[in-house]
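Below: the structure, in structure tokens.
Throughout, numbering of the chain's residues begins at 1 and tracks the sequence.
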Amino acid sequence: MSRRVLLIDDDPDIRAVVCVAMEKFAGWQVFLASSGREGLQQAQSIPLDGILLDVSMPDMDGFSVFEQLQSQPV
């Protein structure tokens with residue numbers, strides 16, 4: 001069974017590169033979110049082994065996402 005990782009990043013190019021690297025070279029199943037709020041929703045509904053998080057996003061920065069995740073364990 002492959003591990004599951006959620007990539008939260010607002011840059012589509014970053015998402016594409018990281019997704020290919022994680023799936024092709026590391027064998028991880030990658031779930032994508034383009035905003036902090038979308039990432040929080042996915043983190044609460046998908047069993048995950050890890051989260052890769054951009055700290056600089058326009059709607060909700062990565063630090064806020066991290067704080068939310070800590071206060072509402074998935």
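Nearest heavy atoms, Ile51 versus Ala43: CD1-CB, 4.3 Å. Listed here is the closest heavy atom pair of Arg4 and Ile46: NH1-CG2, 3.8 Å. Contact between Leu32 and Cys19 at its shortest, heavy atoms only, is CD2-CB, 4.4 Å. Minimum heavy-atom separation, Gly62 to Met57: N-CE, 4.1 Å.
Atom OG of Ser71 sits about 8.0 Å away from atom CD of Glu67, to the nearest 0.5 Å. Interatomic distance, Leu40 CG to Ser35 OG, rounded to the nearest 0.5 Å: 8.5 Å. For the atom pair CD (Glu38) and CE (Met60), the distance works out to 13.0 Å, reported to the nearest 0.5 Å. Separating the CD atom in Gln29 from the CD atom in Glu23 is a distance of 7.5 Å, to the nearest 0.5 Å. Atom CZ of Arg15 and atom CG of Asp10 lie 7.5 Å apart (nearest 0.5 Å). To the nearest 0.5 Å, atom CD of residue Gln44 and atom CG of residue Leu69 are 7.5 Å apart.
Evaluated for a side chain to side chain contact (heavy atoms under 4.5 Å, CB included) with Leu53, the options Asp9, Leu6, Asp61, Ile8 yield exactly one hit, Ile8. Partner of Leu52 under the side chain to side chain contact (heavy atoms under 4.5 Å, CB included) criterion, chosen from Leu7, Val30, Ile14: Leu7.
Phe31 and Val18 fall into different hydrophobic clusters, where Ile, Leu, Val, Met, Phe, Trp and Tyr side chains are chained together by heavy-atom contacts under 4.5 Å.
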